[in-house]
Amino acid sequence: MAHLEYLNTCSRDAFVSALGGVFEHAPWVAEAAFPFRPFLTVAALHDAMMEAVRKAPDERQLAFVRGHPELGSKVGRTDLTHASKAEQGSLGLDRLSDEEFARFTRLNAAYRQRFVLPFVICVRRHTRDSILRNFERRSENDPDLEFETALEEIGLITRLRLVGSVDGPGKPQTDGWLSTHVLDTMDGKPAAGVRIELYEIGASARGLITQDVTNADGRTEEPLLSGGPLRIGTYELLFFVGPHFARLATADPPFLDIVPIRFAIAEPESHYHVPLLVTPWSYSTYRGS
């Protein structure tokens, strides 16, 4: 990882070598940003690189967007950059089933026929369902709006790449996190030892993401999700409160066993706090901070 101080003082060749891969197949973006050094923050560096893209001639902009890969592939695809391969792989788009591959192939072909562009989206901010919804929604855009949307998505993609490759002050916000706690409102105390499971809810599948147990404060030791943007989509938390109330001998068996809370994430760089306030006979939740 390069430090911003180094990038502000190194040679042009070293600058381009360090940043040339941030924008897909476009080291010219780093070359165009080089004369505007020094950059006080990592965010300012990214702004300068995006400004270089937006000020490029139309033909160069178009070729740049067209240089991005389509989504979805079979194992062994070799035309992806290392960054694109990692991004698509993080969502399993590099190992699609035959049915999934056929669906993405149809969507890619229809989109390219309408816009003469690949469909560009910041994969790290979305679930598969969210990507498919955006395919459908954005296919209704007019070409000028869709080209601008593609540039905005490239800004999100490259912001994440830059934060991952440059250290220094003033990094843009790219991480979100999901947390929870369980409060037994009958006793007015945190509920310790409650098992929690977090699932992603997709149109055709429901997948376990993580599980944990609450500590003495009724919280998990670490956020349920963190270390990057949250993926836009639908989720479900399961709180296994039955054993907690069984220990309190409120009823045999307890009225409440597993409490499900289904919710959506729409802001990938935000903090979602989804607590459970529970008694032996009722529960409630809210989006906290």
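Positions are given from 1, in the same order as the sequence printed here.
- F15 and F34 have perpendicular rings, their planes meeting at more than 60° on a 0 to 90° scale where under 30° would count as parallel.
- Across all their heavy atoms, P190 and G218 have their closest contact at CB-N, 3.5 Å.
- Side chains of L237 and F239 form a contact here, defined as non-hydrogen atoms less than 4.5 Å apart.
- Listed here is the closest heavy atom pair of G288 and P275: N-CD, 4.5 Å.
- Contact between K171 and V163 at its shortest, heavy atoms only, is NZ-O, 3.3 Å.
- More than 12 heavy atoms of other residues, nucleotides or ligands lie within 6.0 Å of CZ in F263, so this atom counts as buried by the packing criterion.
- Under the 4.5 Å side-chain heavy-atom criterion for Ile, Leu, Val, Met, Phe, Trp and Tyr, V213 and I196 are members of distinct hydrophobic clusters.
- Within the structure, side chain to side chain donor-acceptor pair (under 3.5 Å) pairs that include any residue of residues 56-66 do not occur (at least two apart or interchain).
- For residues 159-178, the set of pairs meeting the ring-ring contact (aromatic ring centres under 6.0 Å, His included) definition, not counting sequence neighbours, comprises W177-H271.
- Side-chain atoms of N108 come within 3.5 Å of backbone atoms of L71 as a donor-acceptor pair (strictly under, hydrogens ignored).
- Think of I258 as one node in a network of Ile, Leu, Val, Met, Phe, Trp and Tyr side chains linked at under 4.5 Å; its network also takes in Y199, I201, L208, L238, F240.
- A donor-acceptor contact shorter than 3.5 Å links the side chain of S11 to the backbone of A14.
- You'll find the side chain of E24 reaches within 4.5 Å of the side chain of S84, heavy atoms only.
- Residues that satisfy the ring pair (Phe, Tyr, Trp, His ring centres under 6.0 Å) test with F147, not counting sequence neighbours, are absent from this structure.
- Within a 6.0 Å sphere centred on CZ of R37, other residues, nucleotides and ligands contribute more than 12 heavy atoms.
- Ion pair E197/R195 flagged as a salt bridge, since at least one NZ, NE, NH1 or NH2 atom sits closer than 4.0 Å to an Asp/Glu carboxylate oxygen.
- I261 and V241 fall within the same hydrophobic cluster, defined by Ile, Leu, Val, Met, Phe, Trp and Tyr side-chain heavy atoms under 4.5 Å apart, directly or through other members.
- Between the side chains of R138 and N141, not a single donor N or O lies within less than 3.5 Å of an accepting N or O.
- You'll find the side chain of M186 reaches within 4.5 Å of the side chain of P280, heavy atoms only.
- Residues passing the side chain to side chain donor-acceptor pair (under 3.5 Å) test with R247: none are found, sequence neighbours excluded.
- Under the 4.5 Å side-chain criterion, counting only non-hydrogen atoms from C-beta, E222 is not in contact with D212.
- Between V274 and R287 there is no side-chain heavy-atom pair separated by less than 4.5 Å.
- Counting only N and O atoms by type, the side chains of H46 and T158 include a donor and acceptor under 3.5 Å apart.
- Residues that satisfy the ring pair (Phe, Tyr, Trp, His ring centres under 6.0 Å) test with Y111, not counting sequence neighbours, are F115, F119.
- D217 meets the side chain to side chain donor-acceptor pair (under 3.5 Å) test with no other residue; sequence neighbours excluded.
- Under a 4.5 Å side-chain heavy-atom cut-off, the cluster of Ile, Leu, Val, Met, Phe, Trp and Tyr residues that includes I232 has no other member.
- Using a distance-only test at 3.5 Å, with no hydrogens or angles considered, a donor-acceptor pair links the side chain of R128 to the main chain of G92.
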Verify salt bridge (charged side-chain N to carboxylate O under 4.0 Å, His left out) between E99 and R103, making sure each step is shown before the conclusion.
-> CA-CA 6 Å; E99 182 179 353; R103 184 176 185 185; over 6 Å; no

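- Here the side chains of L132 and L107 are in contact, with some heavy-atom distance below 4.5 Å.
- Residues T180 and L224 meet the side-chain proximity criterion, which asks for heavy atoms closer than 4.5 Å.
- For the residue pair P38 and N8, the shortest heavy atom distance occurs at CA-OD1, 3.3 Å.
- Across all their heavy atoms, P69 and P118 have their closest contact at O-CB, 4.2 Å.
- When every heavy atom of C122 is checked against every heavy atom of L160, the shortest pair comes out as SG-CD1, 3.6 Å.
- If you check the side chains of T174 and R125, you find no donor sitting under 3.5 Å from an acceptor.
- Note on L151: it clusters hydrophobically with L117, by side-chain heavy-atom contacts below 4.5 Å among ILVMFWY residues.
- Under the 4.0 Å criterion applied to side-chain N and carboxylate O atoms, R159 and E269 are assigned as salt-bridge partners.
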Could you walk me through whether H126 and R133 pass the side chain to side chain contact (heavy atoms under 4.5 Å, CB included) check?
-> CA-CA 10 Å; H126 293 269; R133 284 196 303 271; over 6 Å; no

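- Judged as a ring pair (Phe, Tyr, Trp, His ring centres under 6.0 Å), and not counting sequence neighbours, Y272 has no contacts.
- More than 12 heavy atoms of other residues, nucleotides or ligands sit less than 6.0 Å from atom CG of L248.
- Remark: the backbone N or O of E70 is paired with a side-chain donor or acceptor of Q88 at under 3.5 angstrom.
- With sequence neighbours excluded, no residue satisfies side chain to side chain donor-acceptor pair (under 3.5 Å) with S139.
- Taking 4.0 Å as the cut-off between side-chain N and carboxylate O, R231 and E200 do not count as a salt-bridged pair.
- V42 and Y6 fall within a single hydrophobic cluster, where Ile, Leu, Val, Met, Phe, Trp and Tyr side chains are chained together by heavy-atom contacts under 4.5 Å.
- L156 and L91 fall into different hydrophobic clusters, where Ile, Leu, Val, Met, Phe, Trp and Tyr side chains are chained together by heavy-atom contacts under 4.5 Å.
- Every residue meeting the ring pair (Phe, Tyr, Trp, His ring centres under 6.0 Å) condition with H181, not counting sequence neighbours, appears here in chain and number order: H273.
- Using a 4.5 Å heavy-atom threshold, the side chains of V166 and H3 count as separate.
- A salt bridge is defined here as a Lys NZ or Arg NE, NH1 or NH2 lying under 4.0 Å from an Asp or Glu carboxylate O, and E236 with R262 meets this definition.
- Under the 3.5 Å distance criterion, with hydrogens and angles disregarded, a donor-acceptor pair is assigned to the side chains of T279 and S282.
- Proximity of a side-chain donor or acceptor of Q173 to a complementary backbone N or O of D175 within less than 3.5 Å is detected.
- Within a 6.0 Å radius of CD in E5, other residues, nucleotides and ligands contribute 12 heavy atoms or fewer.
- Sequence neighbours left out, the pairs with a member in residues 182-192 that pass side chain to side chain donor-acceptor pair (under 3.5 Å) are D184-H244.
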